[in-house]
Amino acid sequence: MARSPETSNNASARDKARKMQQEQERKQKLTSVLLRVGVVVVALAVVIGLTIFVMNRDDSGPAASEGSAPAAANEQGGFTLTSSTELAEGDDLGQIDASAVEESESEMPPGVTERAEGEVPHIIIYSDAYCIHCANFEAEHADQLKEWLDAGLVTVEYRSIAYLGSSTNYPARAANAFACMVEESPENYSDYVAQVTANRVNNDEISNDDLAALASDTYDADISQCVEDGTYRAFASYTTENARAAGIEGTPSVFVDEVSWADSERPFRELVEEHIEEYQSEN
């Protein structure tokens with residue numbers, strides 16, 4: 001039977017209505033999917049943002065070149081131990097500027113000189129907390145250094161630098177924590193440096209919170225605010241720039257009086273004991 005024009009028009013209208021409804025449902029589904037995707041994207045952005053914030057906070061951000069120096073620091077940014085619990089007086093540097101460090105004109109780093117007669121041997125250690133060889137050095141020699149120090153046979157100067165900071169700010173953070181310990185609990189500085197540095201044998205790095213917790217739990221020293229604020233990050237940069245200016249190429253770089261341990265090609269203990277014997281023969 002032939003369909004009337006009116007019937008055909010009604011069928012066409014219903015077909016259009018059905019298509020419009022299907023299109024509306026498709027748009028609603030698409031909108032719902034986009035909303036869910038948007039929620040996921042926002043959540044991911046929040047997580048990533050928080051992660052970046054925590055990482056930046058832990059690294060204390062980029063270090064400024066100007067800041068204060070601990071009173072016990074010398075002109076090269078070193079701290080000199082006269083016993084395992086005592087530090088020599090510093091040069092009272094006050095405010096320092098890492099960008100103003102000038103290249104050294106001497107062949108050896110400043111402070112690396114021949115021992116004066118009657119003076120105990122002086123050991124200078126350039127160390128980076130992220131350096132595995134520095135960790136091995138501390139693990140092997142820390143107890144012996146402490147023994148020599150407490151026997152009054154040597155003085156030991158640590159110059160904590162940040163050479164391995166291309167992928168992490170940990171060396172600078174650790175150097176800052178060392179300086180914080182000098183100010184807060186100098187009698188524990190030697191042990192703290194040895195413990196943190198030797199830790200690199202087993203772990204990549206220590207967070208700021210854990211650097212502060214280690215000082216508190218092990219040495220009853222509160223350096224949390226100093227560590228969190230990065231109080232001596234500029235000073236860490238200052239020490240590092242002085243090392244570069246002095247021609248220090250790697251860590252650990254160790255000197256016994258005027259002798260470079262690396263150039264001597266001798267066991268560290270043997271080299272030091274030779275200098276101690278010379279000192280004892282004079283006294």
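Here, residue 1 is the first one in the sequence, and each next residue gets the next number.
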### Query
Heavy atoms, side chains only, cut-off 4.5 Å: are Pro121 and Val272 in contact?
no
### Message
Take a 6.0 Å sphere around CD of Glu117 and say whether it holds more than 12 heavy atoms from other residues, nucleotides or ligands.
### Response
no
### Message
Main chain of Ile206, side chain of Arg173: is a donor-acceptor contact present, judged purely on distance under 3.5 Å?
### Response
yes
### Message
Could you check whether atom CD of Gln144 has more than 12 heavy atoms from other residues, nucleotides or ligands sitting under 6.0 Å from it?
### Response
yes
### Query
Counting only N and O atoms by type, is there a donor-acceptor contact under 3.5 Å from the side chain of Asp257 to the main-chain atoms of Val259?
no
### Task
Determine which pairs satisfy salt bridge (charged side-chain N to carboxylate O under 4.0 Å, His left out) with at least one residue from residues 141-155, sequence neighbours left out, and list them in order.
Lys146-Asp191
Quick one: side chains of residues 181-188, donor-acceptor pairs under 3.5 Å with protein atoms, not counting sequence neighbours, listed by atom name and distance.
residue : atom : partner : partner atom : Å
Glu183  : OE1  : Tyr232  : OH           : 3.4
Ser185  : OG   : Glu187  : OE2          : 3.2
Ser185  : OG   : Asn188  : ND2          : 2.7

### Message
Checking Trp148 against His141 for the side chain to side chain contact (heavy atoms under 4.5 Å, CB included) test, could you report, in this order, the C-alpha distance in whole Å, the side-chain angles of both residues, the deciding distance, and whether it holds?
### Response
CA-CA 11 Å; Trp148 285 330; His141 300 297; over 6 Å; no
### Query
Can any side-chain N or O of Thr240 pair as donor or acceptor with the backbone N or O of Ala162 at less than 3.5 Å?
yes
### Message
Quick check on Gln280: does its CD atom have over 12 non-hydrogen neighbours (other residues, nucleotides or ligands) under 6.0 Å away?
### Response
yes
### Message
Looking at Arg266, is its backbone amide N or carbonyl O close enough to the side chain of Trp261 to form a donor-acceptor pair, meaning the two atoms are under 3.5 Å apart?
### Response
yes
### Message
I'd like to know if the side chain of Ser216 reaches the main chain of Ala212, judged simply by a donor and an acceptor atom lying under 3.5 Å from each other, with no hydrogens or angles considered.
### Response
no
### Query
What is the ring orientation for Phe178 with Tyr189, classed by angle as parallel under 30°, tilted 30 to 60°, or perpendicular over 60°?
perpendicular
### Query
Are the side chain of Asn74 and the backbone of Gln76 linked by a donor-acceptor contact shorter than 3.5 Å?
yes
### Query
Side chain of Arg115, backbone of Glu119: donor and acceptor closer than 3.5 Å?
yes
### Message
Quick check for you: to the nearest 0.5 Å, what is the distance between Gln225 atom CD and Asp229 atom CG?
### Response
4.5 Å
#### Entry: Asp220 CG: over 12 foreign heavy atoms closer than 6.0 Å
no
#### Entry: Any residue meeting disulfide bond (SG atoms under 2.5 Å apart) with Cys134, in chain and number order, not counting sequence neighbours
none
### Task
Go through the steps for Phe268 and Phe137 under the test side chain to side chain contact (heavy atoms under 4.5 Å, CB included), then give the verdict.
CA-CA 10 Å; Phe268 174 69; Phe137 179 87; 3.9 Å; yes
### Message
The criterion is disulfide bond (SG atoms under 2.5 Å apart); which residues satisfy it with Cys226, sequence neighbours excluded?
### Response
Cys180
### Message
For the CG atom of Leu81 and the OH atom of Tyr158, what is their distance to the nearest 0.5 Å?
### Response
7.5 Å
### Query
Distance-only, no hydrogens or angles: does the Asn242 side chain make a donor-acceptor pair with backbone N or O of Tyr238 under 3.5 Å?
yes
#### Entry: Derivation of the side chain to side chain contact (heavy atoms under 4.5 Å, CB included) call for Glu258 and His275
CA-CA 10 Å; Glu258 80 285 8; His275 284 244; 4.2 Å; yes
### Query
Does the side chain to side chain contact (heavy atoms under 4.5 Å, CB included) test come out yes or no for Asn169 and Arg233, once each step is laid out?
CA-CA 10 Å; Asn169 280 336; Arg233 283 289 298 276; 4.0 Å; yes
### Query
Hey, does the side chain of Arg200 reach the backbone of Tyr130 with a donor-acceptor pair shorter than 3.5 angstrom?
yes
### Message
A side-chain contact here means heavy atoms from C-beta on lying under 4.5 Å apart; do Asn136 and Val201 qualify?
### Response
yes
### Query
Is there any salt bridge (charged side-chain N to carboxylate O under 4.0 Å, His left out) pair reaching into residues 244-256, and which pairs are they, with sequence neighbours excluded?
Glu241-Arg244
#### Entry: Close side-chain approach of His133 and Thr251, heavy atoms under 4.5 Å
no
### Task
Scan for salt bridge (charged side-chain N to carboxylate O under 4.0 Å, His left out) pairs involving residues 92-110, sequence neighbours excluded, and state none if there are none.
none
### Task
Compare all side-chain heavy atoms of Pro109 with those of Ile124 and state whether any distance is below 4.5 angstrom.
no
